[in-house]
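The structure appears below as C-alpha cells.
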Amino acid sequence: MSIQTENIQKLVERREKARLGGGAKRIEAQHAKGKMTARERLALLLDEGSFEEYDMFVQHRCTNFGMDKEHFDGDGVVTGCGTIDGRLVYVFAQDFTVSGGSLSKTMSEKICKVMDMAVRNGAPVIGLNDSGGARIQEGIDALAGYGEIFERNILASGVIPQISGIFGPCAGGAVYSPALTDFTLMVKNTSYMFLTGPAVVKSVTGEDVTQEDLGGASVHSSKSGVAHFAASSEEEGIATIKDLLSFLPQNNMEEAPRVETSDPVSRVEDLLNEIVPDNPNKAYDMYKVIGCIVDDGRFLEVHKDYAKNIIVGFAHMGGRSVGIVANQPAILAGALDINASRKASRFVRFCDAFNIPLVTLVDVPGFLCGTTQEYGAIITNGAKLLYAYGEATVPKVTVTLRKSYGGAHIVMSCKQLRGDINYAWPSANIAVMGADGAVNVLYAKDIKADPEHASEIFEKKKKEYNDLFSNPYQAAQKGYIDDVIEPRNTRFRVIRALEQLALKKQDIPAKKHDNLPL
Ligand code: HXC
C-alpha cells in the first residue's frame, strides 16, 4: 500500500469513527429512548447527498476532571450546510451520545462558525438541540461559549431565519439560544426545556415535578408559549421544519419563494356568504374562513395550542407566501388578551422582518378586561401588537368580518396603522364598543330614572346604536374601509390587493433601534 493510499485509508477510518460520536453503546441507548442520533436527524432534514460537514475532527481542550483522557472527534455536535428542497441552509445538531450533548468551548466555536457563515451567505440556520447545557467540567469556558452563541443569535435576528428543533432534554444555557431564535419546535414525550431540572427545583423550592410537567412539549406549546410547534415524533418535527422553511425567504433582503398553484385565484366560496351567524353573540370557526381563502386550504399554523383566541400562521395566496393573523370568535369570543397579543406581535414582527405580507382577518369584541389582565400588564402587552402592526412596512391587507371594536379595532391592522388595503364584509360592525355596553354607558341615567320602562328604553337605544354602527358603512363613508366586499369573493380580492402591493416601499424614520414596549 502506498503512503498516499494509507493516508486516505486513515482518513476514511477516522471519519467512520467520528460518525459514531460517543460510540455504539450510547447510540443504542439513544435509540432505546425513542430518539434519533444527530446524524440521523440531519439525514432526514437535508436533501440526500447535500450535507457538507465542517469541523468533524475538532476536539475539546478541557483537562479538568479527567477530560484530557476523553476525546471524541467532533466534540458532541455535527455542523455544516446542505440544502432543503434545493435551498441552502446551515445546520448544527447536538450529539447527546458525547457528554450528553453538553456545550464545550470548542462546540460553541463549531456552532458559531456555521452561524457566521449563514449570516455571510444569507441562508437560514437550523439548530437541532439535544443537550445537558453548559459542560460542567469546563466551567467558565462553557459559559463563554454560550455567550458567543447568544450574541450571534441576537445579531442574526431579523437578518436570516433561525429555527430551533428541541429533540431531547435541553437544560440551562441550552434553552436560551432557542429562545432567541425565530421558531422553536419540540417533540412530545422526548424533549424538555428548563432552566434547571427537577432535582434542582426540588432542592431549591421543595416542589416535586416531573421533567414532562416542568418543561415538556405540551407545557411549552400550550402554557408558556416558549415552543411554537409540538410534534408527535422526530420525523414529524423535521417535516414541520421543512414545511416552515418553504414559506420563508433565505434572508431579509429576499422574498419568500413563489410557488406554482393550480388553485384558481378567482375561486369564489359561497360558504363564506353564510358563515357569519345572524346572532352577533354566536361564534363561528375562523379556521373555515382561512381554509376557504388560502391556496388549496393549506395553512401552517404557528402556536396552534397557545392563546387560541388568535390564530397565526403561514399560507400561500396566489402562490405568494403570506402571514395570516385572525381573531378566533370560537375562543373567548376572539377577545385580545395578554397571551394573544404577545403571540400575534411576535408573528407580525417576524413577517415584517422577512418581507412576508400580512393578511389580517378581524372579528374582535375588544381587549379582555378584568384584574387578571390588568395585573398581568395587558396595557404593555396589548401595546406590543399595536406597535408591531404600526411599525410593519410589509403589505398589509385587512378584512373585517364582523366585530371590530375600540382599541382592538385599531390594533388589528386598521388604516391609521398604515394598513394598505382594508376591506369589510357587509356583516362588519366597526365602533367604539358593542351596543349593550354603549347603551349602558350613554343611557344609564335614563334607564335608572324610569325603571318601569328600563328594558324598553334599553332596546330602543340599542336599535338606534345598531342602526348606526352595526354595518361597515360609517367607516366606508369616511374612507377608513377601502371597500365593502362580498364574503365569497374574499380570496380573489385579497390576492388582487397583494398583487398591487407587490412592489410596496415604505420606510420608518432612521433610528438606532426602536423601543418596543417589552
Ligand atoms: C457534562 C453532562 C452534562 C453537562 C449531561 N452530561 N449533562 N456532562 N456537563 N451539563 C453527561 C452525563 O454525565 C452522562 O455522561 C451523559 O451526559 C448523559 O447524561 P445522563 O444524565 O445519563 O442522561 P439523562 O438521564 O437522559 O439526563 C439528561 C439530563 C441530565 C436531564 C440533561 O444529564 C442533567 O440534568 N444534566 C445537567 C443539566 C443541567 O443542570 N445543566 C445546566 C448546566 S448550567 P456519561 O459519560 O455517563 O454518558 C448551564 C448554565 C448556562 O447551562 C447559562 C447560560 C445563560
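As a basis for the values below, the full set of heavy atoms in this structure was taken, side chains included, without hydrogen atoms, waters or symmetry mates. Whatever order the structure lists them in is the order used to number ligands and atoms, beginning at 1. What you are looking at is a predicted structure, and each value in this text was computed from that prediction instead of being measured.
For H316, the ring-ring contact (aromatic ring centres under 6.0 Å, His included) criterion is met by F247, not counting sequence neighbours. Contacts of Y389 classified as ring-ring contact (aromatic ring centres under 6.0 Å, His included), with partners at least two apart in sequence or in another chain: none.
For atom 46 (O) of ligand 1, the nearest non-hydrogen atom from the set E70, K33, R26 comes from R26. Residue nearest to atom 55 (C) of ligand 1, selected from F150, Y146, F65: F150 (by heavy-atom distance).
The nearest protein heavy atom to atom 21 (O) of ligand 1 is not closer than 4.0 Å. Within a 4.0 Å radius of atom 40 (O) of ligand 1, the protein contributes no non-hydrogen atoms. Within the 4.0 Å cut-off (strictly below), a protein heavy atom is located near atom 26 (O) of ligand 1. Counting only heavy atoms, the protein never gets under 4.0 Å from atom 12 (C) of ligand 1. Inside a 4.0 Å radius of atom 52 (O) of ligand 1 there is at least one protein heavy atom. The nearest protein heavy atom to atom 34 (C) of ligand 1 is not closer than 4.0 Å. For atom 8 (N) of ligand 1, the nearest protein heavy atom lies under 4.0 Å away. Using a 4.0 Å threshold on non-hydrogen atoms, atom 48 (O) of ligand 1 counts as touching the protein.
Some N or O of G173 is nearer than 3.5 Å to an N or O of ligand 1, by distance alone. Between G132 and ligand 1, an N or O atom pair is found at a separation short of 3.5 Å. Of the polar atoms of F96, none of the N or O atoms is found under 3.5 Å from an N or O of ligand 1, judged by distance alone. For ligand 1, the polar-atom distance check against G172 finds no nitrogen or oxygen pair separated by under 3.5 Å. For a threshold of 3.5 Å applied to N or O pairs, the pair formed by I136 and ligand 1 contains at least one separation below that value.
One finds no salt bridge joining D73 and K17 here, because no Lys/Arg side-chain nitrogen approaches an Asp/Glu carboxylate oxygen to under 4.0 Å.
Ligand 1 places these atoms under 4.0 Å from at least one heavy atom of A171: 38 (C), 39 (C), 41 (N). The contact set between ligand 1 and Q137, taken as ligand atoms under 4.0 Å from a residue heavy atom, comprises 1 (C), 9 (N). Atoms of ligand 1 lying under 4.0 Å from any heavy atom of G100, numbered from 1 in the order shown and given with element: 11 (C), 16 (C), 17 (O).
Aromatic ring centres of F314 and F347: separated by under 6.0 Å. Between F350 and F183, the gap from one ring centroid to the other is short of 6.0 Å.
Using a 4.0 Å heavy-atom cutoff, S99 is listed among the residues neighbouring ligand 1.
In this structure, a donor-acceptor pair under 3.5 Å is absent between the side chains of Q30 and D95.
With a heavy-atom cut-off of 4.0 Å, A134 touches ligand 1 through backbone and side chain alike. Residue-level proximity to ligand 1 for L143 is carried by the side chain, the only part with a heavy atom below 4.0 angstrom.
Put simply, the residue from R39, R15, R19 that forms a salt bridge (Lys or Arg N to Asp or Glu O under 4.0 Å) with E53 is R39. The only option from K33, R41, K188 that meets the salt bridge (Lys or Arg N to Asp or Glu O under 4.0 Å) definition with E234 turns out to be R41.
Remark: K242 NZ is packed, more than 12 non-hydrogen atoms of other residues, nucleotides or ligands lying under 6.0 Å away. Within 6.0 Å of atom CD1 in I379, 12 or fewer heavy atoms from other residues, nucleotides or ligands are found, so the atom counts as exposed in its surroundings.
Judged by distance alone, the side chain of N355 and the main-chain N or O of E255 form no donor-acceptor pair under 3.5 Å.
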Worksheet item: Checking salt bridge (Lys or Arg N to Asp or Glu O under 4.0 Å) for the pair D75/K110: CA distance, chi angles, key distance, verdict?
Response: CA-CA 9 Å; D75 196 28; K110 284 184 68 171; over 6 Å; no
Discussion item. I'd like to know whether K223 forms a salt bridge (Lys or Arg N to Asp or Glu O under 4.0 Å) with D213, so could you lay out the CA-CA distance, the side-chain angles of the two residues, the decisive distance to 0.1 Å, and finally the verdict.
Written reply: CA-CA 11 Å; K223 283 190 168 63; D213 287 345; over 6 Å; no
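Looking only at heavy atoms of the protein, atom 3 (C) of ligand 1 is closest to S102 CB, 3.9 Å.
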